[in-house]
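What's counted below: heavy atoms across the whole structure, side chains too, no hydrogens, waters or symmetry copies. Just so you know, these numbers come straight off a predicted model, no measurement behind them. By convention in this document, chain letters (A, B, ...) are assigned in the order of the sequence lines, proteins followed by strands, and residues within each chain are numbered from 1.
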4 protein chains.
Amino acid sequence: MATHSPRSDTRARIVAVSLELFSEQGYERTSLREIADRLGVTKAALYYHFKTKEDIVHGIVATTAAPIDELIAWGHEQTWSPEVRDELIRRFAAGISERAPLLRFFQENQPAMRDLSAGREFRARMINLVRLVHGPEASFEDRLRAAMSLFTINSALFLLHQEPDVPRVSEVAVAPATREEAIAAAQHVALEIGGLIGRP
Amino acid sequence: MATHSPRSDTRARIVAVSLELFSEQGYERTSLREIADRLGVTKAALYYHFKTKEDIVHGIVATTAAPIDELIAWGHEQTWSPEVRDELIRRFAAGISERAPLLRFFQENQPAMRDLSAGREFRARMINLVRLVHGPEASFEDRLRAAMSLFTINSALFLLHQEPDVPRVSEVAVAPATREEAIAAAQHVALEIGGLIGRP
Amino acid sequence: MATHSPRSDTRARIVAVSLELFSEQGYERTSLREIADRLGVTKAALYYHFKTKEDIVHGIVATTAAPIDELIAWGHEQTWSPEVRDELIRRFAAGISERAPLLRFFQENQPAMRDLSAGREFRARMINLVRLVHGPEASFEDRLRAAMSLFTINSALFLLHQEPDVPRVSEVAVAPATREEAIAAAQHVALEIGGLIGRP
Amino acid sequence: MATHSPRSDTRARIVAVSLELFSEQGYERTSLREIADRLGVTKAALYYHFKTKEDIVHGIVATTAAPIDELIAWGHEQTWSPEVRDELIRRFAAGISERAPLLRFFQENQPAMRDLSAGREFRARMINLVRLVHGPEASFEDRLRAAMSLFTINSALFLLHQEPDVPRVSEVAVAPATREEAIAAAQHVALEIGGLIGRP
DNA sequence: GATGAATGAGAATTCATTCAT
DNA sequence: GATGAATGAATTCTCATTCAT
């Protein structure tokens, strides 16, 4: 018998709708009026649940970033090894579909994120994750390899949707595949790149 | 000896300052007032040279994207081979220092770029470049590898500047190096990733 | 005793003040700042009640044009006859004093009205009224007579106020009379002109 | 061999284009940039020929209002009689096709005209013309009749073009006729209305 | 747990006008 | 007889935010 707290269904809906709009249209291009309209409430209602627009971002992170924190916590418990590295990449790829909006939001709204404490904290998380992937004593090359490895996972999903409108030269292979196949491919490439870590 | 045309020194300065501010603070967070103030002119002067804020972005691309167009043109003249691929990556890395603000601007302001014709055109250019790198008949993996390869070049410069403020666990190697060394390292890793193209 | 709804007293005041200023100074020569200042509110308050400046015109029509719509409705219920025609003219003249600002606004701001949907709709109303006055099977002459007949009513009020500053040749009779006398005279002439309808 | 003064062909073109645009789009909705663009010159060129935007209106009147001044002068030379009255109306109707843009401009841009000296002067001319039509010792009714008589002439041309887009009830007679027929009809009605002058 | 009404600050944009060349 | 470059003042409109109810 699940006793999920009944209080603030609205709060959760604000978080969900905001993340959706922020990630689709951008943080600055999404007004509180737009969020309120989508929810069928007034702007003032948003202010009952959140102190500021920035605070909604806090809410988004608090609600959505748990899996990443768990991944980081797990990583900190391990002693680095190539196997741990690969497992980090795999786990990062695992829930990517659900986390995609969050990652997209942060990646595509960097200027705003630099001004938001939630943004800076999220960046710190990602840097931590990168460090866990390359392990201690890493060279600049290795940090770059680790970063690109994780980055590959996000990028795959965007790559999937963004090409159709660019005129395609005939010889280019059409390869979209399904969302799942794309993620599998992304994980594959990410592991390849991760595998380069430690090279001279 | 060279009598460079005196007219529209201002126009060039608008482009330069705008690119700088757009890339540092973001497109939406940079007002025309700010640009005008930096130049010591009025907002109306900007409108003498550019029809809209969006038009300034056009001006930026027209002024700054020539090297990328040349690279694409060069690529189209070649028949794809691993050597051509590597040469594309190397040439892309070559002038990266000067082009960094432009690339940063486009990468970090995606939501705005989707609404700007100059933004969409620039994205098309990048996708073209990726296609030249992976060559014809590419699988989704290969497209991803090509994209990440080029992406590595940009990312290196940001990675260089963005870590200092994240509390560093002692064991992590400090490795920034100079700007030139960072680019050399980025090119190295980019070629590695490019070298993965064609694998099963 | 009557508890008139307290909400949106401001909205009504915006409509009233806007109509007054639009009709006195013209639509384009009246800024929202001016309207706001007169009301002792901020410009943003106007935007709380109306989406755009154009929308205020909508509000004006919705609030003020009811009597004209009723007159049109009444006209549609009648079968045309000289008596109906005269009654239409009389009823049009009846409330003219209150409707004068509205009619003046539309007559003196044609260029703006062509761009405003409320403007085009209002013009359609007036054309309908003209048609009711001349009845079916009308010649071009009759349409002109009907239009001038109604037009006489508006014009009278303007004529009343606009001559004093033009240097008067001594022999011209001074005849303003009171506002009510002017309207009576206008109705008289309007009926005369209406009476010409049907002539060869 | 016509020796039309060669100086300032441009000046004449500015006047012509300005009148066209002012009368079609309105005085305030027509910017100097628009006028300059149509002429293929710069805004600054307009300022070579005219001191201000208002001064262009002066130029328009000076160039176009001569026939009206001649009509007024002629009227002043006559002793009023019903025949003179009718002849004034006929002469006013005579060149109406060419003067239509000027009259439309003044009629549809009243708010701007009140602020322009050329506007006030033109209004004075029209009032003079009205006085000549009703003659001395006129009652308010007569002034109204005279005004509406002349007004009929202008109105006819607008009526001709402005109805097509208003949904027409089937029974209404379609009657446009040609431009010339419309003017003839207008003159006819104007004389009718003028004929009412002097009635009790 | 909300709403209605409002604000203050600021944004992009437009316009008539000026002046050195 | 013009132009190129610029300005100052204004305009419409948007947005995050506040607060009494």
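In this structure, B:Tyr47 reaches the E:dT13 phosphate: one of its side-chain N or O atoms is under 4.0 Å from OP1 or OP2. Contact check, C:His49 against E:dA6: a side-chain N or O comes under 4.0 Å of OP1 or OP2. For the OP1/OP2 pair of F:dA5 and a distance below 4.0 Å, the side-chain nitrogens and oxygens of B:Tyr48 include at least one atom meeting the criterion. The shortest distance between the side-chain N/O atoms of D:Thr10 and the OP1/OP2 oxygens of F:dA2 is below 4.0 Å.
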Derivation and outcome, side chain to side chain contact (heavy atoms under 4.5 Å, CB included), residues D:Ile60 and D:Ser18
CA-CA 8 Å; D:Ile60 289 175; D:Ser18 297; 4.1 Å; yes
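Remark: C1' of E:dG4 and CG of C:Asp9 are 14 Å apart, rounded to the nearest angstrom. In this structure, D:Arg13 atom CZ and F:dA2 atom C1' are separated by 13 Å, rounded to whole Å. A straight line from CD1 of A:Ile56 to P of F:dT17 spans 9 Å, rounded to a whole angstrom. One interatomic measurement links the two molecules: CG of A:Leu116 to C1' of F:dA16, which rounds to 13 Å at whole-angstrom precision. Taking atom CG of B:Leu46 as the reference point, atom P of F:dA5 lies 14 Å away to the nearest angstrom.
Judged purely by atom type and a 3.5 angstrom limit, D:Arg13 uses its side chain to pair as donor or acceptor with the backbone of D:Leu39. A donor-acceptor pair under 3.5 Å is absent between the side-chain atoms of D:Arg11 and the main chain of D:Gly59, judged by distance alone. Of the possible polar contacts, none joining the B:Glu28 side chain to the A:Arg29 backbone as a donor-acceptor pair under 3.5 Å is found. For the pair D:Lys43 (side chain) and D:Ser31 (backbone), a donor-acceptor distance under 3.5 Å is absent. Panel note: side chain D:Arg123, backbone D:Gln110; no donor-acceptor pair is recorded below 3.5 Å.
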Taking Watson-Crick and G-U wobble contacts under 3.5 angstrom, with | marking pairs to another strand and [ ] crossing pairs, the secondary structure of DNA chain E is written .||||||||||||||||||||
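A heavy atom lying under 4.0 Å from DNA chain E marks the following residues of residues 17-42 of chain D, by number: D:Thr30, D:Ser31, D:Leu32.
Atom OH of B:Tyr27 sits about 6.0 Å away from atom CD of B:Glu54, to the nearest 0.5 Å. Taken from CD1 in C:Ile14 to CG in C:Asp9, the straight-line distance is 10.0 Å, to the nearest 0.5 Å.
In this structure, of F:dC13, F:dA16, E:dT17, it is F:dA16 that holds the atom nearest to the side chain of A:Lys43. With distances taken from any side-chain atom of C:Lys53 to the nucleotides F:dT12, F:dT3, F:dG1, the minimum falls on F:dT12.
With sequence neighbours left out, A:Phe122 forms a ring-ring contact (aromatic ring centres under 6.0 Å, His included) with A:Phe106.
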